[in-house]
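Below, chains carry the letters A, B, ... as their sequence lines are ordered, and counting in each starts from 1. Because only heavy atoms are used, hydrogens play no part in the values below, and waters and symmetry mates are left out as well, while side chains stay in.
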Number of protein chains: 2
Amino acid sequence: MKTTSTISKKQFIINAAADLFEEKGYSGTSIRDLASKVGLEPSSIYSHIKSKEELLSEICMGCAGEFTVGMEKIFQLNISARKKLKALISLHLDMAFANPASVTVFNDEWRHLPEPILEDFIHLRKAYEKKFRKILIEGKDDEKFNFDNSEIVFNIILKSLSWSYTAIKKYKREELESELSVFILNAINK
Amino acid sequence: MKTTSTISKKQFIINAAADLFEEKGYSGTSIRDLASKVGLEPSSIYSHIKSKEELLSEICMGCAGEFTVGMEKIFQLNISARKKLKALISLHLDMAFANPASVTVFNDEWRHLPEPILEDFIHLRKAYEKKFRKILIEGKDDEKFNFDNSEIVFNIILKSLSWSYTAIKKYKREELESELSVFILNAINK
DNA sequence: CCTACCGATCGGTAGG
DNA sequence: CCTACCGATCGGTAGG
């Protein structure tokens with residue numbers, strides 16, 4: 001009982017923090033801003049969290065974990081590289097529509113993560129990039145995709161997908177996913 | 001004499017601020033950080049600038065002005081939409097290679113601009129977007145480009161180009177421009 | 001979860 | 001361009 005309600009209140013505070021970090025940035029958000037948003041006194045925030053940095057860590061590592069799990073599932077599927085890439089586009093849109101603020105913070109504020117969590121985060125990010133590029137190169141080897149530098153192309157695709165996090169308020173998911181898929185697949189189709 | 005040296009010292013401080021804002025963000029950078037970077041006491045910074053916000057304004061409005069001028073030149077050329085798009089890709093790479101830190105700050109920190117400058121900035125940004133999308137639509141009307149929503153496609157392209165600001169340390173300009181041009185033009189070619 | 005409070009740091013000013 | 005300093009705000013703690 002107690003545990004459950006404590007956890008959900010903590011999650012409520014983390015979600016409010018994600019909204020503020022998205023709006024004002026991590027450094028531009030104070031614990032007092034957060035307290036007033038959730039209707040507590042500033043010091044009461046510390047009944048639920050250990051530090052401001054913990055809020056950022058929860059947000060960023062939460063997203064990183066979900067992206068890692070999503071990638072793992074897609075990576076192991078026995079389907080073509082093109083279908084895997086489409087599944088990755090869907091994964092990014094799933095994340096964007098489920099937690100728009102958190103994913104924006106994950107994208108833009110991770111550099112403020114404290115060590116040693118920052119190091120873990122960068123490792124997860126590199127592992128994600130490695131698998132993503134393997135899928136791209138797989139498509140190139142099968143003569144389905146065409147590009148020179150998989151690192152550059154990976155980063156362009158990732159940036160295109162990141163834009164969707166700010167776009168979800170304005171577009172329907174189908175329209176966004178369709179335009180993104182057509183754009184990206186045309187871009188690298190052989 | 002005096003005026004010239006004052007201006008160049010001011011520009012030196014602005015450039016140092018751009019480096020710090022890129023590294024730590026606007027809110028995460030203090031005047032004391034800046035002072036120690038340029039070898040002055042914190043209060044001496046105010047002999048050259050009026051406020052911390054002025055530093056951000058100079059950086060962001062400087063870039064906005066250069067992008068506006070660059071766009072105006074390309075927009076008025078009597079060439080195909082495809083050539084105009086290629087020229088816009090070159091413009092973004094010119095900017096990235098000339099002032100990598102400033103352009104990153106321009107991209108990521110503009111929301112911290114104080115009013116009424118923020119309003120001016122947003123107007124310039126909207127005018128830039130309007131012309132960019134006109135070029136895209138011109139290519140679509142001539143049946144050279146293919147896409148549904150010019151606003152979505154504009155934003156994807158812009159995000160792809162923004163990535164280059166972080167990439168210039170790692171790649172040669174020709175390689176980056178080639179990969180970006182091929183990617184973007186393939187993406188929307190009919 | 002609150003009241004009361006801490007030392008550190010912030011952007012910025014006065015005066016020379 | 002410096003010394004000296006301002007009030008405001010920061011993240012966070014003690015104690016109940």
Sub-6.0 Å ring centroid separation between A:F12 and A:H48: no

message: Does anything in residues 14-25 of chain A come within less than 4.0 Å of DNA chain C? Heavy atoms only, and list the residues if so.
response: none

message: So for atom NZ, which belongs to A:K126, do other residues, nucleotides or ligands contribute more than 12 heavy atoms lying within a distance under 6.0 Å?
response: no

message: If you only use heavy atoms from C-beta on, which nucleotide in D:dG11, C:dT13, C:dC1 is closest to the side chain of B:Y46?
response: C:dT13

- request: Measure from CD1 on B:I31 to C1' on D:dC1 and round the result to the nearest Å.
  value: 15 Å

query: Should we say atom NZ of B:K172 is surrounded by more than 12 heavy atoms from elsewhere, each under 6.0 Å from it?
result: no

field: Gap between atoms CD and C1', on A:E53 and D:dG11 respectively (whole Å)
entry: 10 Å

message: Could you tell me if B:Y171 and A:E151 have a donor-acceptor pair between their side chains, going purely by distance under 3.5 Å?
response: yes

query: Among D:dC2, D:dC10, C:dG11, which is the nearest nucleotide to the side chain of B:S44?
result: D:dC2

- prompt: Within less than 4.0 Å of OP1 or OP2 of C:dC10, is there a side-chain N or O belonging to B:K52?
  reply: no

- request: Tell me whether the centres of the aromatic rings in B:Y128 and B:F75 are closer together than 6.0 Å.
  value: no

message: For A:F67 together with A:F132, are the ring centres under 6.0 Å from each other?
response: no

task: Strictly below 4.0 Å, heavy-atom distances to any atom of DNA chain D: list the hits from residues 34-43 of chain B, or just say none.
output: B:L40, B:E41, B:S43

task: Could you check whether B:S27 gets within reach of a base, just the sugar-phosphate, or nothing at all, counting any heavy atom under 4.0 Å?
output: nothing

message: Is there a side-chain contact between A:S47 and the phosphate of C:dC1, meaning an N or O under 4.0 Å from OP1 or OP2?
response: no

message: Do B:N15 and B:Q11 pair up side chain to side chain, a donor and an acceptor below 3.5 Å, judged on atom types alone?
response: yes

task: Starting from C1' on C:dG11, measure out to NZ on B:K50 and report it in whole angstrom.
output: 16 Å

- line: Rounded to whole Å, the CD1-C1' distance (B:I13 to C:dG11) equals 15 Å

- prompt: Picking from C:dG11, D:dG11, C:dC1, which would you name as closest to the side chain of B:R32?
  reply: C:dG11

message: Would you say that more than 12 heavy atoms from the other residues, nucleotides or ligands in this model lie under 6.0 Å from the NZ of B:K140, or not?
response: yes

query: Counting just side-chain N and O atoms, does B:K9 come under 4.0 Å of either OP1 or OP2 of D:dC1?
result: yes

field: Nucleotide forming a Watson-Crick or wobble pair with D:dG16, both distances under 3.5 Å
entry: C:dC1

message: Using whole Å, what does the distance between atom P of nucleotide D:dT3 and atom CD1 of B:I45 come to?
response: 14 Å

- request: Send over the distance from B:K10 NZ to D:dC1 P, rounded to a whole Å.
  value: 14 Å

- request: State, without any angle test, whether A:T104 and A:N107 hold a side-chain donor-acceptor pair at a distance under 3.5 Å.
  value: no

